[in-house]
Each structure stands twice: as C-alpha cells, then as structure tokens.
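Numbered from 1 within each chain, the chains take letters A, B, ... in sequence-line order. Not measured: the values here are computed from a predicted model.
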2 protein chains.
Amino acid sequence: MRSFVLKGHILHSRDKDRIDIFENHYLVCQEGICRGIFGQLPQQYSDLPLEDFGDKLVIPGMSDLHIHASQFSYRGLGMDMELLQWLEHHAFPEERKYEDLTYADRAYGQFVSHIRRSETTRACVFATIHREATELLMEKMEDSGLVSYIGKVNMNRNCPDFISEKDAIADTRLWLQETAGKWENTKPILTPRFIPSCTDDVLEGLGKLSREFDVPVQSHLSENLSEIRWVSELVPGTKNYGDAYAKFDLFGKDGQKCLMSHCVYSDDDELQTMKENGVVIAHCPESNMNVASGVAPIDRYLELGLQVGLSTDVAGGSHESMFRAMIHAIQSSKLRWRLLDQNVKFLSFDKAFYLATRGGGAFFGKVGAFDDGYEFDAVVLDDANLDHPQQITTHERLERVVYLGDERNIVGKYVRGRKLF
Amino acid sequence: MRSFVLKGHILHSRDKDRIDIFENHYLVCQEGICRGIFGQLPQQYSDLPLEDFGDKLVIPGMSDLHIHASQFSYRGLGMDMELLQWLEHHAFPEERKYEDLTYADRAYGQFVSHIRRSETTRACVFATIHREATELLMEKMEDSGLVSYIGKVNMNRNCPDFISEKDAIADTRLWLQETAGKWENTKPILTPRFIPSCTDDVLEGLGKLSREFDVPVQSHLSENLSEIRWVSELVPGTKNYGDAYAKFDLFGKDGQKCLMSHCVYSDDDELQTMKENGVVIAHCPESNMNVASGVAPIDRYLELGLQVGLSTDVAGGSHESMFRAMIHAIQSSKLRWRLLDQNVKFLSFDKAFYLATRGGGAFFGKVGAFDDGYEFDAVVLDDANLDHPQQITTHERLERVVYLGDERNIVGKYVRGRKLF
C-alpha cells in the first residue's frame, strides 16, 4: 500500500536558493521511498495505482524542529509578556499538570489532532519531566502516523520544586529502556531543558545515556544574552554556551545527532563547532519575536554551510503552522536587516521554504524533498478558496497559500508513503 | 430594526491601556447608537428584542485605517521583494487593469466579500486613479453595509505612463460631484498617493477641493528614509515631509480631517504639527515589515497624545484580518524594542486592541467602543473550535481568538446598529 503514483503540480526545493516546479508531473512512491518526479510516467511504474490531483499543489511534508507539546494548551496566550513572566505565569504551572495522566491524555490528544492535520509530517517535540505522560504522548504520536522524536524533559534546578526531577538519570534510563526501539515512527530524544535547569551530574549522565542508547539530543542554545552570561557562570571555564554542552558530551560529534534551538547569539567559535560536529540549528522566528529575544542571522548561517531547519516553537510561538513559521522567518529577517545589520541578507520565500522542508528534513535523514531515494513525505494543497481575479503562476500559488492558507487548504498528507488523509 | 439588546461577554477598551470585561452583560443599541453595557437590563429597554449570545464574546467592530482595494488581488504575493521591485512587478501593472470595469467588478467584488466577513466594520480605502472603477467600488461597499471612506487615487508623476492621470483635478472634481453625499455609509476621501507621485499643481488643487467639498484627506507619510529625502528635494524649503503636505493644505488644521499612513520616521516637528492639526496616524505594522521599512514607535506616539489607529495595508500587508494586524503590531514593536530602542516600550495586547478599535474608530467619530452615545458597531466571536484542556479567562479567550482565529470565528456583525449576519 506504500507504492503509488501521484499526479499534480509538484514543487520542492532544489537547494537553499530555489524551488523547482514541475507542472502536471508524476511523483512516484515505491515502498515508502520517493523515486522521483517525471514528466512521463516510466514504464516500470505503470502498474502502480495513480491518484490524479489535477490542478492541486504537491509539496514535501514539513519538519517542525522544535515544538513543546505540553505548551500547546496555552498557545496564543501571554504573547505580550517577557520570557520570565511568561514562564512563571504559564509554562511552569501548566507543565505541572502532566503528572495527572487524565489531563495529559486530554491535552496531548488536542496537540496531536492539530499537528496531524497541519502541513507538518515530522517533529522534534518537548514533553515535560513526567515519564508516564511522555510515553502517553509517544503512543499518541505513533498512532497519528507522523514521524517524531519526543523528549522527556530533564530539569532539576532553577525551577519551581513541583516540576524539579528528584532522580533524573535513573528515570530517564527507565524511559529509554521502555521506549527506544518500541515504535516505527516515534523515537526518544534526550532533552535537557537547557543548561541552567540541569545540574552538572545530570548533564554528565545524559551525555553518557546518549552514547549508551545511541539516542539524539535536543536543547536550547544562545537564545538571549542574559541566558548566555548565566551559563558562563554556571559552567565556568567554557568558551561559550555550546562549549558548556560539549563539556558534557551533549553537542554532536562522533555521530551523536544533536539539535539546538534558537542560536540567536551564537559566536563564531560556537558556530564553527556546530559545523564540525554536525549540530543542526532549529530556527524559531516567532518565538524569538514574542519573547523579544531577537532574530538569528539565518542567511549567514546558511552561507557558512551550517545545517538549519525551521520550527514553530509552540507556545513561545502561537501556532502549529509551519506556513506561519515561514512568514515569521521572512518578516523577522527583514526587520533584522533594516534595524540591525544589512550585511546579512533577509530571507527569500524560496529560502524559507527550504528551511521548512529540505533544511529541517535533513535531521531525519533523506527527508524533505522528492529526490530519488528520499523518504516519501508529501502534502497536497488545494488553494481554490483563495480567490483572485488575475492569472497567477504556480510559484505564486504556493506563496499565496503559505501567506493566506490554513489547515482547510491541506487536502492530502503522506508520511513514509502512508496516506494519513 | 436598529434597536435591540445583545447579551454575552462584552469586551471593549476603557482607554489605551486596558480592556474592560463584562461577563454575562447586556449591550443596548437604540436606533443605531450604543446606550451602554449593563449587568441588569434597565426597565426602559426591556421591550427591545434581545439576542442572547451565551458564552460568546462581543467586541467593538474594528477600523482598518489603510487598505488598498486594488491590491487585494495580489495579497500574499511578492512578500519577499523590496518596495520598488514590488511596485514595478505587482502594484503598477495590476492597478492598470482597473480601467476595465469588468475586471474591476470581479476584483472589487472579491475584496468586498472578504472584508465584509472579517472583523472590520469601517475602513479607509485606496482605489486607483480610475473614476468609474472607484465609483463601482463605492457602490459595492455601500451594498456591503460597512462604513468606509474610499479614495480615487491621484498620481501624475514618477509612475508609468499607463497609470498617470492626464487631468487629475477636473476628474477628481467630477468624482466628488458624483459621490459626495450620495450614500449613507460610503464617502469620498481625497487620496494623493504620496508627494512624489503628484505635481505641485495637483497637490494644490486637491487642497482646495478638500475645502470646497469639505472632504477628508488620506495619504502616505514618512514610510522610509530615502522617500523622505526625495520629498525634501521635490518640495524644497519645507521642514519635513508633513510640512510638504501642509504647504498644499493637505495636513489637517481648521477642521480638515486628515489621515496619514506609516509615520515610521516622523521627526519631532512633524509629530508636533500632527498633534496640533489633529492628523490621525494609520499604523501599518505588517507592511512596514514586508517592505522592510522599519517599525513606527507607536507607544511613544500614544504617550505624546497623538491619535493612532491600526491598518492591514493590503497588499503591503498580506491579509485583510485586523486580528493579524494586532499581532504584527505587537511582534514588530518587540523587535524594535530589542534591536533598536529600549526607550520605547513594546505594545501590550490591550494596547493593540485599543488601536484596532477605539484608536482607529475615532477617525469616524464616536466609534470603536460601547460607551453611551457611540455608534453601534459590534462583532460576535465564537471561539469554541479553539480547544484547550484547562480553564482560561475571558481576557485570555480574546487574546487566543486574535492569535489563532480567523473568519470562521466571526459569527455576528453589526454596523451602525444594522445586523450584517
């Protein structure tokens, strides 16, 4: 059932600078793997079932590299607060509730139902410190058909007592034993909240668990300047924030998959290490606006050859839509260009699309494009309700559905060749 | 039919700093005029028909102080271009089409149908240079039940020949003769595109027409720095851009209603004159991001006592939603605060709501709130589809529907006491 042909207008990123467009083409999926885009369907695929999407757009599924499932309940609230006020008023009291599995079931159910019908096919997710609720979320994500890394959060200092872990490493080890390898599409990812929230022994323990279980790592990095100063006090003798993660073997290197969110203020040394270690950057433009952190110089990072993807960062971001994240990435890059530094170009639409698809997809492997050999994640878009009196091009149709569309425009979704709807 | 009572959760701005919330209250409309908010319905209104909206939210209608009806067709396109490229590629070729009334009928029909079902009850609108198409738009807006000022654009220099007026003043006079006083809800407003697009004699003629017909004026002001330098060359001997309008009697004063969009870079003298002359500022946050102009220091303008409203500025802005404009106002003010100037506070949610309702409504008179004596514009919001597992307050429900909602959440709309749906 995972072998078929789609017909329609196929769009994907050739590279970071350009979207390739194939009108009225065929897109082949064979056992969950993309076999490429064809103007004429090759003989060898002529027996596969074909679905003709006519004038609709078919794009790669999007990878949301940073989203807090446990914050989804208060998305769009407190969006005019500063970070600390927002953490105290919303984040911490809400996260506490996930010790109650009945609450977690309801809240995570809502999260999964929204993200399932969005343009996102893959996600890297923060849960809370609660092992059982995190496993419940993992079950739900597996049932959704999406592909995800899910993190049980680690946190045992600089937070209210009611969400501070008592035995972080033992509990995390148990969680890994229970979840690593259990599901086809859902995997654990080690998730220290950030350096200030974990004691040295926890960070060290997590580094070891990462190697022992061969699981990836995600966290926050260089989001704002006072946080960076704080980290340098907490982990003295390190060159920068990234170096503090590296000290505990949580910063890529030797095949460890590592994902770091924000990187608004990463210095040259930190960037160089990230490049050498293959650390992936999760750009969170809306969140960086909402909590007034700033704007990461993404075009510069791309020019340096760093690997960058995009994220909604709900609930620092208000909405699970990666289309909205693309808009925020472009808009905030323009204000950065205007107000701060004209040496870093603002992002084009094609670059934002790259970040949301091929750029972030790379964290999951061969994902985010329709190249031969890539895993087959696709989203079908119907933009017929976005009326216009004039002729517009297929590229313009894509731009318009990103700016004006919502989940109503998503009429088909495939993950690893499995049709979700 | 314009006298009735609504029941529900009533919210409006007390002042620029605070939203007042009245749960399960009564809102009285008598012959199109609001008679206030009551916990118990006064005896004198007990015979009026009552509509009970239960748990829904009732807010004042919003005033979009700046929107280009003729650019609605390409909303959400070219959003990563710079201003001049965008004007040449989209704005000018598209505006030319409105010499064809068949095209104008289709395009303006789409514009009116969208804005009618949005949260906007009042708008100040730019059309094109074409008199007949502008009158067609005015007919459609009148039929919609919304209240608007509609401007036939004036432009006779620094633009392609195909959209340059040949006899601007005579044509504008004819337009005023045909439209001033013709409709209940739709009025003409003089609309020089901006100083660079009008010769001195046209600007002078428009100033005189404004007095002769007692019609208001709208235009663009101090949107970006190169534009400001250009204006100082085009109208030598003036202190600033605003002074150039003033030279032609197009800058408020002596009872002339005047509305200026953008004001990103207005200097102290310009601001002082605007305050003295009662010029209203139309803040266009999304457009100012999209064309990389910058961010107007709105909190400072409010502190100075200037009159400020909010606008979508489609198609510099991508969407007709004033909710989105509120979000953009908050987000861009945060980046301005972070990247440029921490002396100007970023906007709170309550302030953004004020701008969208009471602030902009003031351009239309007693509009944008539920005070006794105000014209009755109201929007009813059903947020039941915005699921959440926890209890949230009525204020939080409003914030959430602004961040997450769309036209599906707008289930009732009243303008001057007339129910549109």
Side-chain angles (χ1 to χ4, degrees), chain A residues 72-80 82 94 97 103-110 113-114 224 286 288-295 318-319 327-328 330-332 334-341 346-352 386-390 392 396 399-406 408, chain B residues 72-80 82 94 97 103-110 113-114 224 286 288-295 318-319 327-328 330-332 334-341 346-352 386-390 392 396 399-406 408:
Chain A
F72 191 74
S73 57
Y74 55 95
R75 68 199 187 281
L77 293 184
M79 296 280 77
D80 62 355
E82 293 177 70
E94 181 65 21
K97 297 179 187 166
Y103 187 83
D105 186 61
R106 188 163 73 243
Y108 283 149
Q110 291 175 359
S113 115
H114 279 262
N224 77 51
E286 189 193 359
N288 296 157
M289 284 199 277
N290 288 340
V291 301
S293 296
V295 187
S318 63
H319 204 288
I327 303 171
H328 289 125
I330 296 168
Q331 289 176 335
S332 64
K334 286 188 158 181
L335 286 189
R336 191 184 192 281
W337 177 85
R338 168 57 65 196
L339 302 180
L340 192 67
D341 178 8
F346 51 75
L347 295 172
S348 67
F349 179 80
D350 285 19
K351 254 178 194 156
L386 305 175
D387 49 2
H388 51 91
Q390 82 283 37
I392 62 175
E396 287 175 329
E399 182 178 6
R400 167 172 290 218
V401 76
V402 166
Y403 273 88
L404 307 178
D406 54 48
R408 287 170 288 185
Chain B
F72 190 74
S73 58
Y74 54 96
R75 68 199 187 280
L77 293 184
M79 296 280 78
D80 62 356
E82 293 176 69
E94 181 64 22
K97 296 180 187 166
Y103 187 83
D105 186 60
R106 189 163 73 243
Y108 284 149
Q110 292 175 358
S113 116
H114 279 261
N224 76 51
E286 189 192 358
N288 296 157
M289 284 198 278
N290 287 340
V291 301
S293 296
V295 186
S318 62
H319 204 286
I327 303 171
H328 288 125
I330 295 168
Q331 289 176 335
S332 64
K334 287 188 158 182
L335 286 189
R336 190 183 192 282
W337 177 85
R338 167 59 63 195
L339 302 180
L340 192 67
D341 177 8
F346 52 75
L347 296 172
S348 66
F349 179 80
D350 285 20
K351 255 178 194 154
L386 305 175
D387 49 2
H388 51 91
Q390 82 282 39
I392 62 175
E396 287 175 329
E399 182 179 6
R400 167 172 289 218
V401 75
V402 166
Y403 273 88
L404 307 179
D406 54 47
R408 286 171 287 185

Need one label for [X]: side chain, backbone, both or neither, based on atoms under 4.5 Å from any heavy atom in chain A.
{"X": "B/Ser332", "answer": "both"}
{"X": "B/Phe349", "answer": "both"}
{"X": "B/Leu339", "answer": "both"}
{"X": "B/Ile392", "answer": "side chain"}
{"X": "B/Lys351", "answer": "neither"}

Determine whether the side chains of A/Gln331 and B/Gln331 contain a donor N or O and an acceptor N or O closer than 3.5 Å.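 Side-chain D/A pair, A/Gln331 to B/Gln331: absent.
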Among B/Gln110, B/Lys97, B/Arg338, which has the most heavy-atom pairs under 4.5 Å with chain A?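 Heavy-atom pairs under 4.5 Å are most numerous for B/Gln110.
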Measuring only between side-chain heavy atoms, which start at C-beta, is B/His114 closer than 4.5 Å to A/Asp387?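 Result yes, sub-4.5 Å side-chain heavy-atom pair found.
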Rounded to the nearest 0.5 Å, what's the gap from [atom1] on [X] to [atom2] on [Y]? Could you check?
{"X": "B/Glu396", "Y": "A/Leu77", "atom1": "CD", "atom2": "CG", "answer": "5.0 Å"}
{"X": "B/Ser73", "Y": "A/His388", "atom1": "OG", "atom2": "NE2", "answer": "10.0 Å"}
{"X": "B/Arg75", "Y": "A/Leu386", "atom1": "CZ", "atom2": "CG", "answer": "6.5 Å"}
{"X": "B/Leu335", "Y": "A/Met289", "atom1": "CG", "atom2": "CE", "answer": "6.0 Å"}

Among A/Gln390, A/Arg336, A/Glu94, A/Glu286, who wins on heavy-atom pairs under 4.5 Å with chain B?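 Option with the greatest count: A/Gln390.
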Pairing of A/Arg408 and B/Asp406 as salt bridge, 4.0 angstrom limit: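 Looking at B/Asp406 together with A/Arg408, the answer is yes, because their closest N to O distance falls below 4.0 Å.
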